[in-house]
Protein chains: 2
Amino acid sequence: MRSEGADPGTVRPGGRTARVRESVLQAAGDALAEHGFAHLDLADIARRAEVGKTTVYRRWGTVNGLVADLLLDMAEQSLPRTETGSLLGDLQANARLVQRTLADPRQGALFKAVIAAATCEAKTAEALHRFYDTRVKEWAPCVQQAIDRGEVPEGTDVHEVIRAVSAPLFYRLLTTGDCLDEASADQAAEAAAAAACAGAYVLGG
Amino acid sequence: MRSEGADPGTVRPGGRTARVRESVLQAAGDALAEHGFAHLDLADIARRAEVGKTTVYRRWGTVNGLVADLLLDMAEQSLPRTETGSLLGDLQANARLVQRTLADPRQGALFKAVIAAATCEAKTAEALHRFYDTRVKEWAPCVQQAIDRGEVPEGTDVHEVIRAVSAPLFYRLLTTGDCLDEASADQAAEAAAAAACAGAYVLGG
DNA sequence: CTCATAACGGGACTCCAGTTCCGTTAACTG
DNA sequence: CAGTTAACGGAACTGGAGTCCCGTTATGAG
(Lines give C-alpha, C1' and ligand atoms only; values in the text may rest on other atoms or scores of the structure.)
Protein backbone atom coordinates (compact mmCIF):
# COMPACT_ATOMS: atom_id res chain seq x y z
CA MET A 1 0.00 0.00 0.00
CA ARG A 2 2.57 2.62 -1.08
CA SER A 3 0.63 5.86 -0.88
CA GLU A 4 -1.02 6.07 -4.32
CA GLY A 5 2.21 5.84 -6.36
CA ALA A 6 4.25 8.77 -7.66
CA ASP A 7 3.07 11.70 -9.77
CA PRO A 8 1.31 10.88 -13.03
CA GLY A 9 3.65 10.57 -15.98
CA THR A 10 6.51 8.97 -14.07
CA VAL A 11 5.55 5.29 -14.36
CA ARG A 12 4.64 5.16 -18.05
CA PRO A 13 6.42 8.17 -19.52
CA GLY A 14 6.43 6.90 -23.10
CA GLY A 15 4.04 7.19 -26.04
CA ARG A 16 0.88 9.09 -25.25
CA THR A 17 2.18 10.62 -22.03
CA ALA A 18 5.16 12.16 -23.84
CA ARG A 19 2.96 13.42 -26.69
CA VAL A 20 0.61 15.05 -24.22
CA ARG A 21 3.45 16.80 -22.40
CA GLU A 22 4.90 18.09 -25.64
CA SER A 23 1.66 19.48 -27.01
CA VAL A 24 0.64 21.00 -23.68
CA LEU A 25 3.98 22.78 -23.24
CA GLN A 26 3.73 24.02 -26.82
CA ALA A 27 0.21 25.31 -26.21
CA ALA A 28 1.26 26.87 -22.91
CA GLY A 29 4.07 28.77 -24.62
CA ASP A 30 1.68 30.02 -27.29
CA ALA A 31 -0.89 31.11 -24.74
CA LEU A 32 1.75 32.89 -22.66
CA ALA A 33 3.08 34.81 -25.63
CA GLU A 34 -0.49 35.78 -26.54
CA HIS A 35 -2.25 36.57 -23.29
CA GLY A 36 0.57 36.85 -20.74
CA PHE A 37 0.93 35.18 -17.40
CA ALA A 38 -2.01 36.73 -15.55
CA HIS A 39 -4.66 35.77 -18.07
CA LEU A 40 -3.47 32.23 -18.50
CA ASP A 41 -6.30 29.71 -18.49
CA LEU A 42 -5.52 26.03 -18.13
CA ALA A 43 -8.79 25.08 -19.81
CA ASP A 44 -7.80 27.17 -22.83
CA ILE A 45 -4.41 25.48 -22.95
CA ALA A 46 -6.07 22.07 -22.81
CA ARG A 47 -8.28 23.06 -25.74
CA ARG A 48 -5.31 24.28 -27.81
CA ALA A 49 -3.34 21.14 -27.02
CA GLU A 50 -6.38 18.99 -27.87
CA VAL A 51 -6.11 17.36 -24.50
CA GLY A 52 -8.58 16.84 -21.67
CA LYS A 53 -8.79 19.67 -19.15
CA THR A 54 -8.60 17.08 -16.39
CA THR A 55 -5.25 15.87 -17.69
CA VAL A 56 -3.68 19.31 -17.45
CA TYR A 57 -4.91 19.79 -13.91
CA ARG A 58 -3.84 16.29 -12.88
CA ARG A 59 -0.30 16.55 -14.22
CA TRP A 60 0.57 20.18 -13.59
CA GLY A 61 -1.99 21.29 -11.05
CA THR A 62 -1.55 25.04 -11.33
CA VAL A 63 -0.33 27.68 -13.74
CA ASN A 64 2.84 27.89 -11.67
CA GLY A 65 3.52 24.20 -11.95
CA LEU A 66 3.09 24.34 -15.70
CA VAL A 67 5.40 27.35 -16.01
CA ALA A 68 8.01 25.57 -13.91
CA ASP A 69 7.92 22.57 -16.24
CA LEU A 70 8.15 24.88 -19.24
CA LEU A 71 11.28 26.35 -17.67
CA LEU A 72 12.77 22.88 -17.33
CA ASP A 73 12.07 22.28 -20.99
CA MET A 74 13.75 25.55 -21.93
CA ALA A 75 16.83 24.71 -19.87
CA GLU A 76 17.31 21.53 -21.90
CA GLN A 77 17.23 23.39 -25.21
CA SER A 78 19.48 26.32 -24.31
CA LEU A 79 22.48 26.99 -26.50
CA PRO A 80 26.10 26.18 -25.64
CA ARG A 81 28.75 28.81 -25.09
CA THR A 82 30.85 30.08 -27.98
CA GLU A 83 34.50 31.19 -27.72
CA THR A 84 36.04 34.22 -29.39
CA GLY A 85 39.45 34.47 -27.70
CA SER A 86 38.92 37.72 -25.78
CA LEU A 87 36.87 38.52 -22.70
CA LEU A 88 34.98 41.35 -24.38
CA GLY A 89 34.21 39.16 -27.38
CA ASP A 90 32.92 36.31 -25.22
CA LEU A 91 30.80 38.57 -23.04
CA GLN A 92 29.45 40.26 -26.16
CA ALA A 93 28.44 36.89 -27.58
CA ASN A 94 26.66 36.10 -24.32
CA ALA A 95 24.99 39.50 -24.16
CA ARG A 96 23.71 39.24 -27.72
CA LEU A 97 22.35 35.77 -27.06
CA VAL A 98 20.45 37.05 -24.04
CA GLN A 99 19.30 40.14 -25.91
CA ARG A 100 17.99 38.13 -28.87
CA THR A 101 16.16 35.79 -26.52
CA LEU A 102 14.48 38.56 -24.55
CA ALA A 103 13.67 40.62 -27.64
CA ASP A 104 11.93 37.69 -29.31
CA PRO A 105 8.17 38.15 -28.78
CA ARG A 106 7.53 34.58 -27.78
CA GLN A 107 10.64 33.96 -25.72
CA GLY A 108 10.54 37.40 -24.13
CA ALA A 109 6.96 36.96 -22.99
CA LEU A 110 7.87 33.56 -21.70
CA PHE A 111 10.70 34.91 -19.60
CA LYS A 112 8.55 37.65 -18.20
CA ALA A 113 5.93 35.08 -17.28
CA VAL A 114 8.49 32.83 -15.67
CA ILE A 115 9.79 35.70 -13.59
CA ALA A 116 6.29 36.68 -12.54
CA ALA A 117 5.56 33.08 -11.59
CA ALA A 118 8.81 32.83 -9.65
CA THR A 119 8.04 35.91 -7.59
CA CYS A 120 4.94 34.29 -6.16
CA GLU A 121 5.77 30.63 -5.75
CA ALA A 122 8.82 29.29 -3.92
CA LYS A 123 8.94 26.12 -6.01
CA THR A 124 8.92 28.03 -9.29
CA ALA A 125 11.52 30.42 -7.90
CA GLU A 126 13.79 27.49 -7.17
CA ALA A 127 13.35 26.17 -10.71
CA LEU A 128 14.29 29.61 -12.02
CA HIS A 129 17.34 29.78 -9.78
CA ARG A 130 18.51 26.40 -11.03
CA PHE A 131 17.99 27.51 -14.62
CA TYR A 132 20.15 30.59 -14.15
CA ASP A 133 22.72 28.71 -12.15
CA THR A 134 23.13 26.35 -15.09
CA ARG A 135 23.37 29.19 -17.59
CA VAL A 136 25.87 31.14 -15.49
CA LYS A 137 28.04 28.05 -14.98
CA GLU A 138 27.99 27.43 -18.73
CA TRP A 139 29.50 30.85 -19.44
CA ALA A 140 31.72 31.38 -16.40
CA PRO A 141 34.78 29.61 -17.90
CA CYS A 142 35.31 32.48 -20.34
CA VAL A 143 36.03 34.75 -17.38
CA GLN A 144 38.41 32.18 -15.90
CA GLN A 145 40.27 32.14 -19.22
CA ALA A 146 40.54 35.92 -19.05
CA ILE A 147 42.04 35.61 -15.58
CA ASP A 148 44.51 33.05 -16.90
CA ARG A 149 45.44 35.41 -19.73
CA GLY A 150 45.98 38.20 -17.19
CA GLU A 151 43.15 40.40 -18.55
CA VAL A 152 41.28 40.22 -15.26
CA PRO A 153 42.74 40.20 -11.72
CA GLU A 154 43.09 37.00 -9.69
CA GLY A 155 40.33 36.36 -7.15
CA THR A 156 37.58 37.73 -9.39
CA ASP A 157 34.14 36.19 -8.84
CA VAL A 158 33.67 34.68 -12.30
CA HIS A 159 29.96 34.00 -11.84
CA GLU A 160 29.24 37.56 -10.83
CA VAL A 161 30.81 38.84 -14.05
CA ILE A 162 28.45 36.71 -16.12
CA ARG A 163 25.49 37.90 -14.10
CA ALA A 164 26.64 41.48 -14.63
CA VAL A 165 26.16 40.98 -18.38
CA SER A 166 22.55 39.83 -18.17
CA ALA A 167 21.45 42.06 -15.30
CA PRO A 168 21.14 45.37 -17.18
CA LEU A 169 19.28 43.66 -20.02
CA PHE A 170 16.77 42.20 -17.61
CA TYR A 171 16.45 45.45 -15.78
CA ARG A 172 15.75 47.24 -19.01
CA LEU A 173 13.17 44.65 -20.08
CA LEU A 174 11.28 44.92 -16.81
CA THR A 175 11.55 48.54 -15.75
CA THR A 176 11.60 50.52 -18.98
CA GLY A 177 9.54 50.42 -22.13
CA ASP A 178 12.63 50.65 -24.32
CA CYS A 179 13.34 47.95 -26.83
CA LEU A 180 16.32 45.67 -26.37
CA ASP A 181 18.60 46.24 -29.32
CA GLU A 182 22.09 45.01 -30.12
CA ALA A 183 23.61 48.28 -28.94
CA SER A 184 22.28 47.74 -25.42
CA ALA A 185 23.70 44.22 -25.45
CA ASP A 186 27.12 45.50 -26.50
CA GLN A 187 27.01 48.20 -23.85
CA ALA A 188 26.20 45.62 -21.17
CA ALA A 189 29.12 43.45 -22.30
CA GLU A 190 31.51 46.40 -22.42
CA ALA A 191 30.51 47.62 -18.97
CA ALA A 192 30.91 44.17 -17.43
CA ALA A 193 34.30 43.68 -19.08
CA ALA A 194 35.53 47.12 -17.98
CA ALA A 195 34.38 46.58 -14.40
CA ALA A 196 35.91 43.10 -14.29
CA CYS A 197 39.26 44.35 -15.61
CA ALA A 198 39.20 47.16 -13.04
CA GLY A 199 38.87 44.54 -10.30
CA ALA A 200 35.33 45.42 -9.23
CA TYR A 201 34.41 41.74 -8.89
CA VAL A 202 37.39 40.67 -6.79
CA LEU A 203 36.04 38.73 -3.81
CA GLY A 204 36.16 40.57 -0.51
CA GLY A 205 37.29 43.69 -2.32
CA MET B 1 -26.24 63.71 -18.54
CA ARG B 2 -22.42 63.50 -18.47
CA SER B 3 -21.72 59.80 -18.84
CA GLU B 4 -21.72 58.62 -15.21
CA GLY B 5 -19.04 61.09 -14.02
CA ALA B 6 -15.37 60.23 -13.43
CA ASP B 7 -13.89 57.40 -11.38
CA PRO B 8 -14.99 57.17 -7.75
CA GLY B 9 -12.79 59.12 -5.37
CA THR B 10 -12.09 61.99 -7.74
CA VAL B 11 -15.06 64.25 -6.94
CA ARG B 12 -14.98 64.04 -3.15
CA PRO B 13 -11.44 62.98 -2.35
CA GLY B 14 -11.44 64.24 1.25
CA GLY B 15 -12.40 62.71 4.59
CA ARG B 16 -13.73 59.18 4.33
CA THR B 17 -12.50 58.60 0.80
CA ALA B 18 -8.92 59.43 1.81
CA ARG B 19 -9.14 57.29 4.94
CA VAL B 20 -10.42 54.35 2.90
CA ARG B 21 -7.59 54.67 0.40
CA GLU B 22 -4.99 54.82 3.14
CA SER B 23 -6.23 51.81 5.05
CA VAL B 24 -6.76 49.75 1.89
CA LEU B 25 -3.24 50.46 0.62
CA GLN B 26 -1.86 49.62 4.05
CA ALA B 27 -3.80 46.35 4.10
CA ALA B 28 -2.75 45.56 0.54
CA GLY B 29 0.91 46.02 1.47
CA ASP B 30 0.50 43.73 4.47
CA ALA B 31 -1.27 41.07 2.44
CA LEU B 32 1.36 41.24 -0.29
CA ALA B 33 4.21 40.82 2.16
CA GLU B 34 2.38 37.89 3.74
CA HIS B 35 0.88 35.91 0.86
CA GLY B 36 2.60 37.27 -2.23
CA PHE B 37 1.09 38.56 -5.43
CA ALA B 38 -0.49 35.37 -6.73
CA HIS B 39 -2.54 34.61 -3.65
CA LEU B 40 -3.83 38.12 -3.20
CA ASP B 41 -7.53 38.26 -2.44
CA LEU B 42 -9.37 41.56 -2.65
CA ALA B 43 -12.03 40.35 -0.25
CA ASP B 44 -9.33 39.57 2.31
CA ILE B 45 -7.84 43.03 1.86
CA ALA B 46 -11.26 44.60 2.37
CA ARG B 47 -11.64 42.64 5.61
CA ARG B 48 -8.21 43.75 6.89
CA ALA B 49 -8.91 47.35 5.98
CA GLU B 50 -12.36 47.13 7.60
CA VAL B 51 -13.90 48.33 4.39
CA GLY B 52 -16.67 46.93 2.20
CA LYS B 53 -15.58 44.45 -0.46
CA THR B 54 -17.69 46.36 -2.96
CA THR B 55 -15.69 49.52 -2.29
CA VAL B 56 -12.39 47.85 -3.14
CA TYR B 57 -13.77 46.45 -6.38
CA ARG B 58 -15.40 49.73 -7.31
CA ARG B 59 -12.31 51.89 -6.77
CA TRP B 60 -9.50 49.59 -7.87
CA GLY B 61 -11.25 46.93 -9.89
CA THR B 62 -8.50 44.34 -10.00
CA VAL B 63 -5.40 43.26 -8.14
CA ASN B 64 -3.36 44.96 -10.82
CA GLY B 65 -5.14 48.25 -10.39
CA LEU B 66 -4.56 48.14 -6.67
CA VAL B 67 -0.87 47.33 -7.09
CA ALA B 68 -0.48 50.19 -9.55
CA ASP B 69 -1.98 52.61 -7.02
CA LEU B 70 0.30 51.21 -4.33
CA LEU B 71 3.22 51.95 -6.62
CA LEU B 72 2.06 55.54 -7.00
CA ASP B 73 1.92 55.83 -3.23
CA MET B 74 5.46 54.45 -2.92
CA ALA B 75 6.77 56.89 -5.48
CA GLU B 76 5.52 59.80 -3.36
CA GLN B 77 7.31 58.59 -0.26
CA SER B 78 10.66 57.69 -1.80
CA LEU B 79 13.75 59.25 -0.33
CA PRO B 80 15.73 62.12 -1.85
CA ARG B 81 19.26 61.78 -3.11
CA THR B 82 22.22 62.36 -0.83
CA GLU B 83 25.58 63.82 -1.91
CA THR B 84 29.00 62.63 -0.84
CA GLY B 85 31.34 64.49 -3.18
CA SER B 86 32.62 61.52 -5.21
CA LEU B 87 30.98 59.37 -7.85
CA LEU B 88 31.73 56.12 -6.05
CA GLY B 89 30.38 57.53 -2.79
CA ASP B 90 27.16 58.72 -4.43
CA LEU B 91 26.60 55.46 -6.28
CA GLN B 92 27.31 53.53 -3.10
CA ALA B 93 24.70 55.58 -1.26
CA ASN B 94 22.21 54.80 -4.01
CA ALA B 95 23.11 51.11 -4.08
CA ARG B 96 22.72 50.75 -0.32
CA LEU B 97 19.37 52.49 -0.43
CA VAL B 98 18.16 50.08 -3.09
CA GLN B 99 19.67 47.12 -1.25
CA ARG B 100 18.02 48.02 2.05
CA THR B 101 14.70 48.48 0.30
CA LEU B 102 14.82 45.15 -1.50
CA ALA B 103 16.17 43.27 1.53
CA ASP B 104 13.35 44.52 3.74
CA PRO B 105 10.74 41.73 3.95
CA ARG B 106 7.78 43.98 3.39
CA GLN B 107 9.27 46.30 0.78
CA GLY B 108 11.07 43.47 -1.00
CA ALA B 109 7.90 41.44 -1.33
CA LEU B 110 6.13 44.53 -2.52
CA PHE B 111 8.65 45.15 -5.26
CA LYS B 112 8.51 41.55 -6.39
CA ALA B 113 4.74 41.81 -6.54
CA VAL B 114 4.87 45.04 -8.47
CA ILE B 115 7.23 43.51 -10.99
CA ALA B 116 5.04 40.46 -11.36
CA ALA B 117 2.01 42.68 -11.87
CA ALA B 118 3.85 44.80 -14.42
CA THR B 119 4.81 41.78 -16.51
CA CYS B 120 1.18 40.96 -17.15
CA GLU B 121 -0.63 44.26 -17.43
CA ALA B 122 0.40 47.09 -19.73
CA LYS B 123 -1.09 49.76 -17.49
CA THR B 124 0.78 48.53 -14.43
CA ALA B 125 3.95 48.25 -16.49
CA GLU B 126 3.62 51.89 -17.44
CA ALA B 127 3.18 52.88 -13.80
CA LEU B 128 6.34 50.94 -12.98
CA HIS B 129 8.25 52.59 -15.82
CA ARG B 130 7.22 56.02 -14.56
CA PHE B 131 8.29 55.11 -11.05
CA TYR B 132 11.76 54.09 -12.19
CA ASP B 133 12.06 57.02 -14.51
CA THR B 134 11.46 59.31 -11.54
CA ARG B 135 13.97 57.48 -9.37
CA VAL B 136 16.62 57.43 -12.08
CA LYS B 137 16.16 61.13 -12.79
CA GLU B 138 16.50 61.86 -9.07
CA TRP B 139 19.96 60.27 -8.96
CA ALA B 140 21.29 61.06 -12.43
CA PRO B 141 22.73 64.48 -11.44
CA CYS B 142 25.47 62.81 -9.40
CA VAL B 143 26.84 61.31 -12.60
CA GLN B 144 26.66 64.69 -14.32
CA GLN B 145 28.68 66.15 -11.46
CA ALA B 146 31.27 63.42 -11.97
CA ILE B 147 31.45 64.36 -15.65
CA ASP B 148 31.92 68.01 -14.69
CA ARG B 149 34.71 67.02 -12.28
CA GLY B 150 36.36 65.06 -15.08
CA GLU B 151 35.97 61.66 -13.36
CA VAL B 152 33.79 60.34 -16.15
CA PRO B 153 34.15 61.01 -19.91
CA GLU B 154 31.92 63.53 -21.71
CA GLY B 155 28.95 62.08 -23.55
CA THR B 156 28.25 59.42 -20.94
CA ASP B 157 24.59 58.36 -20.65
CA VAL B 158 23.99 59.46 -17.05
CA HIS B 159 20.72 57.59 -16.70
CA GLU B 160 22.26 54.34 -17.81
CA VAL B 161 24.91 54.59 -15.10
CA ILE B 162 22.24 54.87 -12.41
CA ARG B 163 20.37 51.90 -13.88
CA ALA B 164 23.62 49.95 -13.86
CA VAL B 165 23.74 50.29 -10.09
CA SER B 166 20.28 48.84 -9.46
CA ALA B 167 20.31 46.22 -12.18
CA PRO B 168 22.57 43.63 -10.54
CA LEU B 169 20.69 43.98 -7.26
CA PHE B 170 17.39 43.31 -8.99
CA TYR B 171 18.86 40.47 -10.95
CA ARG B 172 20.16 38.90 -7.77
CA LEU B 173 16.81 39.31 -6.02
CA LEU B 174 14.90 37.66 -8.84
CA THR B 175 17.19 34.98 -10.21
CA THR B 176 19.16 33.74 -7.22
CA GLY B 177 18.21 32.74 -3.71
CA ASP B 178 21.11 34.71 -2.22
CA CYS B 179 20.43 37.42 0.29
CA LEU B 180 21.08 41.03 -0.61
CA ASP B 181 23.76 42.29 1.76
CA GLU B 182 25.72 45.50 1.92
CA ALA B 183 28.70 43.88 0.20
CA SER B 184 26.64 43.18 -2.92
CA ALA B 185 25.44 46.78 -2.90
CA ASP B 186 29.00 48.07 -2.69
CA GLN B 187 30.09 45.72 -5.46
CA ALA B 188 27.29 46.98 -7.70
CA ALA B 189 28.31 50.59 -7.05
CA GLU B 190 31.99 49.88 -7.64
CA ALA B 191 31.31 48.04 -10.89
CA ALA B 192 29.09 50.83 -12.21
CA ALA B 193 31.63 53.48 -11.26
CA ALA B 194 34.51 51.56 -12.85
CA ALA B 195 32.56 50.97 -16.06
CA ALA B 196 31.47 54.61 -16.21
CA CYS B 197 35.01 55.89 -15.72
CA ALA B 198 36.22 53.51 -18.42
CA GLY B 199 33.74 55.09 -20.82
CA ALA B 200 31.45 52.08 -21.20
CA TYR B 201 28.37 54.28 -21.09
CA VAL B 202 29.43 56.86 -23.65
CA LEU B 203 26.58 57.25 -26.14
CA GLY B 204 27.14 55.67 -29.49
CA GLY B 205 30.33 54.15 -28.14
C1' DC C 1 -27.25 74.92 8.65
C1' DT C 2 -29.34 72.43 4.64
C1' DC C 3 -29.37 69.85 0.57
C1' DA C 4 -27.84 67.04 -3.32
C1' DT C 5 -25.40 63.31 -4.30
C1' DA C 6 -20.63 61.01 -4.15
C1' DA C 7 -18.99 57.24 -2.02
C1' DC C 8 -19.59 53.45 1.06
C1' DG C 9 -21.50 48.79 2.85
C1' DG C 10 -24.16 44.53 3.18
C1' DG C 11 -26.12 40.78 1.01
C1' DA C 12 -27.85 38.22 -2.85
C1' DC C 13 -26.48 36.58 -7.25
C1' DT C 14 -23.64 34.87 -11.25
C1' DC C 15 -20.23 32.50 -13.50
C1' DC C 16 -16.34 29.87 -14.26
C1' DA C 17 -11.75 27.98 -12.55
C1' DG C 18 -10.65 23.94 -10.39
C1' DT C 19 -12.31 19.23 -8.54
C1' DT C 20 -14.41 14.74 -8.52
C1' DC C 21 -16.20 10.55 -10.59
C1' DC C 22 -15.98 7.01 -13.44
C1' DG C 23 -15.72 4.86 -17.93
C1' DT C 24 -12.17 4.35 -21.89
C1' DT C 25 -7.65 3.96 -24.01
C1' DA C 26 -3.16 2.36 -24.46
C1' DA C 27 1.70 1.73 -22.09
C1' DC C 28 4.58 -1.65 -20.32
C1' DT C 29 5.29 -6.59 -18.41
C1' DG C 30 5.91 -11.50 -18.75
C1' DC D 1 -0.17 -11.50 -27.52
C1' DA D 2 -2.83 -11.06 -23.37
C1' DG D 3 -3.48 -8.90 -18.89
C1' DT D 4 -2.76 -5.22 -15.64
C1' DT D 5 -3.31 -0.74 -14.62
C1' DA D 6 -1.23 4.02 -15.58
C1' DA D 7 -2.85 7.75 -17.78
C1' DC D 8 -6.38 10.02 -20.39
C1' DG D 9 -11.08 12.27 -21.31
C1' DG D 10 -15.91 13.68 -20.79
C1' DA D 11 -19.39 15.38 -17.81
C1' DA D 12 -21.37 16.77 -13.71
C1' DC D 13 -20.36 19.30 -9.59
C1' DT D 14 -18.67 22.97 -6.28
C1' DG D 15 -16.73 27.01 -4.07
C1' DG D 16 -15.43 31.37 -4.13
C1' DA D 17 -13.93 35.52 -6.86
C1' DG D 18 -16.14 39.27 -8.88
C1' DT D 19 -20.82 41.72 -9.93
C1' DC D 20 -25.20 43.88 -9.01
C1' DC D 21 -28.76 46.12 -6.36
C1' DC D 22 -30.22 49.23 -3.27
C1' DG D 23 -30.34 51.34 1.24
C1' DT D 24 -27.12 54.27 4.27
C1' DT D 25 -23.52 57.62 5.39
C1' DA D 26 -21.25 61.82 5.14
C1' DT D 27 -18.64 65.16 1.84
C1' DG D 28 -18.56 69.53 -0.06
C1' DA D 29 -21.23 73.40 -2.06
C1' DG D 30 -24.28 77.25 -1.35
Side-chain angles (χ1 to χ4, degrees), chain A residues 1-28 31-32 35-69 113 117 120-121 123-124, chain B residues 1-28 31-32 35-69 113 117 120-121:
Chain A
M1 197 199 273
R2 17 195 330 268
S3 56
E4 286 120 41
D7 310 83
T10 55
V11 179
R12 288 181 188 174
R16 181 170 58 170
T17 299
R19 278 197 304 280
V20 164
R21 175 169 187 249
E22 192 182 6
S23 63
V24 167
L25 291 186
Q26 175 72 38
L32 266 181
H35 308 307
F37 174 66
H39 308 290
L40 213 54
D41 175 15
L42 295 202
D44 174 54
I45 290 174
R47 227 173 295 126
R48 285 167 186 256
E50 295 179 311
V51 150
K53 177 173 80 151
T54 314
T55 301
V56 177
Y57 278 105
R58 186 169 28 227
R59 287 192 56 183
W60 290 278
T62 66
V63 171
N64 271 298
L66 183 54
V67 168
D69 195 26
C120 35
E121 200 81 14
K123 212 180 145 94
T124 314
Chain B
M1 198 197 275
R2 11 195 339 264
S3 55
E4 286 121 41
D7 310 83
T10 54
V11 179
R12 288 181 188 173
R16 181 169 59 171
T17 300
R19 278 196 305 279
V20 164
R21 176 169 185 246
E22 192 183 3
S23 64
V24 167
L25 292 187
Q26 175 71 38
L32 267 181
H35 308 307
F37 175 66
H39 308 291
L40 213 53
D41 175 17
L42 296 203
D44 174 54
I45 289 174
R47 227 172 295 125
R48 285 167 185 255
E50 295 179 309
V51 150
K53 179 174 81 153
T54 314
T55 300
V56 176
Y57 279 105
R58 186 170 27 227
R59 286 192 56 183
W60 291 278
T62 65
V63 171
N64 270 301
L66 184 53
V67 169
D69 196 24
C120 35
E121 200 82 14

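In what follows, chains carry the letters A, B, and so on, assigned in the order in which the sequence lines appear, proteins first and then strands, with residues in each chain numbered from 1. The analysis underlying the following values was restricted to heavy atoms, covering all of them including side chains, and did not include hydrogens, waters or symmetry mates.
- No side-chain heavy atom of B:Trp60 sits under 4.5 Å from any side-chain heavy atom of B:Leu42.
- Nearest heavy-atom pair, B:Asp7 versus B:Thr10, reported as atom, atom and distance to 0.1 Å: O-OG1, 2.6 Å.
- Residues A:Val20 and A:Val56 form no side-chain contact, since every pair of their non-hydrogen atoms from C-beta on lies 4.5 Å or further apart.
- In this structure, the CH2 atom of B:Trp60 is 12 Å from the P atom of C:dA7, given to the nearest Å.
- Only at 4.0 angstrom or more do the heavy atoms of residues 36-49 of chain B sit from any atom of DNA chain C, so none qualifies.
- The two residues A:Ala27 and A:Ile45 come nearest to each other via the heavy atoms CB-O, 3.8 Å.
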task = Take nucleotides 4-10 of chain D nucleotide by nucleotide from the 5' end and write B, S or -, depending on whether a protein heavy atom sits under 4.0 Å from the base, only from the sugar-phosphate, or from neither.
result = BBBBBBB

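- Looking at A:Leu66 and A:Leu25, their side chains come closer than 4.5 Å, going by heavy atoms from C-beta outward.
- Partners of B:Arg21 by side-chain hydrogen bond (donor to acceptor under 3.5 Å, both in side chains), not counting sequence neighbours, listed by chain and number: B:Asp69.
- The side chain of A:Tyr57 contributes no N or O atom lying less than 4.0 Å from OP1 or OP2 of C:dT19.
- One finds the CZ atom of A:Arg47 at 5.0 Å from the CG atom of A:Asp44 (value rounded to the nearest 0.5 Å).
- Considering only heavy atoms from C-beta on, A:Arg59 comes within 4.5 Å of A:Thr17 through its side chain.
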